[in-house]
Amino acid sequence: MKALLLLLTLFSPVVAAWCPLLPNHPVRVTINHAEQKRQADAYIRTLAVDALRLQLVAADTGYDLSGLDLSAAGIQGSIQARPLAEDANLDGAADHFWLVTSTGEVWRVPWQQSQFGQPLLMADLSDAGLHFHTAVTLIRARLPSQLAPMSWQNLEQHQLLLLGTEPDSGQDVLFSLRFPVGGRQPYVMKSSQLVDRTTLSDAELRQQYSAADWRVLLSAAGWRLRLSGRVSSLPTVIAGVIYAPAIIVKDAKSCQFDKTEQQLYAVQLYTASQIYPKRSWAIPYLEQAALRIREQPDKRLILVLADERQSVALVDTLLKITTDCHQCTAPLTLDKFPLWQRLATYRDERGAF
Amino acid sequence: MRERGMVLLSALLFLVVMLLVVASNLVLSQLSLKSAQTAQQQLQLEFRTLEQHLKQLNGLAPDEVPESTLALPSCPGIYAAWSDATLQCDLMLIETSEQTRQPPAFTRYNSLLLRKQLKLSEPAP
């Protein structure tokens, strides 16, 4: 009994800091199963205390397709974040799953021949002392060679976006971790290897930082950005810009928030630098709302915060980052889509005589 | 009389030899012409197929979905990346083939295309 009380006392700040604001639905993925492509839902199933299972369930029938006992595979602790899928070989089916534990361990689990493989620890952010509750997204991005640091051997990178909550203040920290695509991570990434982008320098605020400064930022393993509150809707990345609404925390322990307004953060995907005149500004708060893009009659795209009944326009002219320079942007319009890119044309001699 | 016969025989033999030489030359020249034409027609067929293939690529409708289309879970190789399924990427294989019966020839050109399109679920208010 005493041990139970001690455990409750120890974990009470963490439980209090974990005020769930974001939905944690299963992730719908396409996988290769029994030599055919199938739609499946991936989620973390709790079997018992400290007994979690990464579960794959057929989307059409609901039958279990496969599962991985996490503690037996070496992944300890609780997991609140949803799993994220990766298609490394671009065959249209997920071949790896990324898991984030509550303490900040990032694991990459292979999925081959209809079964899970041995997980590989990619990052350990437990030194940050945060409660990691949301895996936002895993993005496969490529930098043009003129913008990438010379040290990068692979221009194609995975960007993993995570959210962790500080137990005392209840504020969220947005993390962006970079992993080279296809290459093995030579080390386990730590929180101390990330650049803290909470405060920008004066030169950066005036958008006068140099290409050399940009490359120094990119040379780090990633960045972290402390937000002014808790993220209230799942952040979204639109054309290289991360949008994240954060609600002010009144009392972290009792999950009380200031629901009159919130701050919308809009930061660059690679460096968390500012894209619009301000990096964050006040927007209205909507309960259980989501960030969405809407098309305007003049083909402009705007960002709205919408729930089932109403929507509020947040950004009238969305910007996208461009490869012309390290801080170049351009308006995002619908008339440029769809974009066709010819990857290869070749003469095929199969069946020729 | 015998001498005349010899001359006549020699003349006949000469004529036969000449006929054989001329006939073989004719056959050879016809063969070479045929082979030259075949190569030329093959080149023309290839050029025509490539032309049609490029025309097919340029005339692709935005919503056209060829048979061999692979929907990718995430868009690869993009600098201004997106996080969700709003930006949908499809990998497509476009094929153009041509063949002729006389002379028998066959040519096929393939292209691998990446289509990026925005999928906005909600209409404009």
Side-chain angles (χ1 to χ4, degrees), chain A residues 29-30 85-87 90-94 136-144 147 155-156 159 161 181 234-242 269-270 292-297 301 304 306 311 320-323 330 332 334 337-353, chain B residues 42 45-46 49-50 53-54 56-58 60-65 69-99 103-125:
Chain A
V29 291
T30 304
E86 174 199 343
D87 177 14
L90 297 177
D91 66 345
V136 178
T137 188
L138 180 73
I139 292 176
R140 185 172 175 146
R142 183 185 178 87
L143 257 77
L147 295 182
L155 297 175
E156 205 154 3
Q159 308 262 337
L161 299 184
V181 170
L234 192 68
T236 184
V237 183
I238 301 170
V241 185
I242 306 172
L269 173 64
Y270 300 97
R292 299 198 191 287
I293 307 172
R294 285 216 173 127
E295 180 193 351
Q296 296 300 97
L301 294 170
V304 298
S311 67
K320 64 175 180 183
I321 57 172
T322 63
T323 56
L332 179 67
L334 193 62
F337 291 93
L339 297 171
W340 294 92
Q341 188 179 352
R342 181 148 58 112
L343 303 177
T345 293
Y346 53 95
R347 190 164 157 256
D348 190 357
E349 295 190 342
R350 275 179 303 123
F353 46 84
Chain B
Q42 176 74 31
L45 180 71
E46 281 198 18
T49 313
L50 184 59
H53 184 67
L54 295 177
Q56 191 183 355
L57 292 185
N58 291 332
L60 271 177
D63 297 328
E64 192 172 334
V65 181
T69 299
L70 200 67
L72 299 177
S74 60
C75 287
I78 295 182
Y79 174 62
W82 295 61
S83 64
D84 51 21
T86 310
L87 184 71
Q88 173 66 46
C89 276
D90 300 302
L91 208 57
M92 300 172 167
L93 188 69
I94 308 286
E95 183 179 300
T96 311
S97 61
E98 284 276 318
Q99 60 179 338
F106 179 86
T107 302
R108 176 163 47 201
Y109 274 93
N110 284 10
S111 277
L112 204 58
L113 295 177
L114 184 69
R115 181 178 66 179
K116 302 168 200 166
Q117 59 179 347
L118 282 183
K119 288 199 168 172
L120 303 175
S121 52
E122 291 172 305

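Here is the naming used below: chain letters follow the sequence lines, and residue numbers restart at 1 for every chain.
- Between B:Leu70 and A:Leu90, the closest heavy-atom pair is CD2-O, 4.1 Å.
- Judged by distance alone, with hydrogens and angles left aside, the side-chain atoms of A:Gln341 form no donor-acceptor pair with the main-chain N or O of B:Arg115 at under 3.5 Å.
- The line from SG of B:Cys89 to CG of A:Leu339 is 9.0 Å long, rounded to the nearest 0.5 Å.
- Considering every non-hydrogen atom in both B:Pro76 and A:Arg140, the closest pair reads CB-NE, 4.1 Å.
- Residues B:Leu91 and A:Leu343 are in side-chain contact: their nearest non-hydrogen atoms beyond the backbone lie under 4.5 Å apart.
- For B:Ile94, no part lies near chain A; criterion is any non-hydrogen pair under 4.5 Å.
- Residue with the most contacts toward chain B among A:Val136, A:Leu161, A:Asp91: A:Asp91 (heavy-atom pairs, distance under 4.5 Å).
- Screening A:Thr322, A:Leu269, A:Thr323, A:Leu155 against B:Tyr79 for a side chain to side chain contact (heavy atoms under 4.5 Å, CB included) leaves a single residue, A:Thr323.
- Closest approach of B:Ser111 to A:Thr345, counting heavy atoms only: OG-OG1, 2.6 Å.
- With a 4.5 Å cut-off on non-hydrogen atoms, A:Ile139 touches chain B through its side chain but not through its backbone.
- Neither the backbone nor the side chain of A:Ile242 comes within less than 4.5 Å of any heavy atom in chain B.
- Of the two parts of A:Thr236, the backbone and the side chain both hold a non-hydrogen atom closer than 4.5 Å to a non-hydrogen atom of chain B.
- Closest heavy-atom contact between A:Arg342 and B:Leu57: CD-CD1, 3.5 Å.
- Proximity of B:Gln117 to A:Trp340: side-chain heavy atoms (C-beta onward) are nowhere separated by under 4.5 Å.
- Only the side chain of A:Leu147 comes within contact range of chain B, with heavy atoms under 4.5 Å apart.
- Each of B:Ile78, B:Asp90, B:Leu87 has some count of heavy-atom pairs under 4.5 Å with chain A, and the biggest count is that of B:Ile78.
- For A:Ala239, the side-chain contact (heavy atoms from CB on, under 4.5 Å) partners at least two apart in sequence or on another chain are A:Lys320, A:Leu332, B:Ala80, B:Trp82.
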>> side chain to side chain contact (heavy atoms under 4.5 Å, CB included) for A:Leu334 and B:Leu118? Distances and angles first, verdict last.
In response: CA-CA 8 Å; A:Leu334 193 62; B:Leu118 282 183; 3.5 Å; yes
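- Using a 4.5 Å cut-off between heavy atoms, A:Thr137 contacts chain B through its side chain alone, with no backbone atom that close.
- The contact between B:Cys75 and chain A is made entirely by backbone atoms, counting heavy-atom distances below 4.5 Å.
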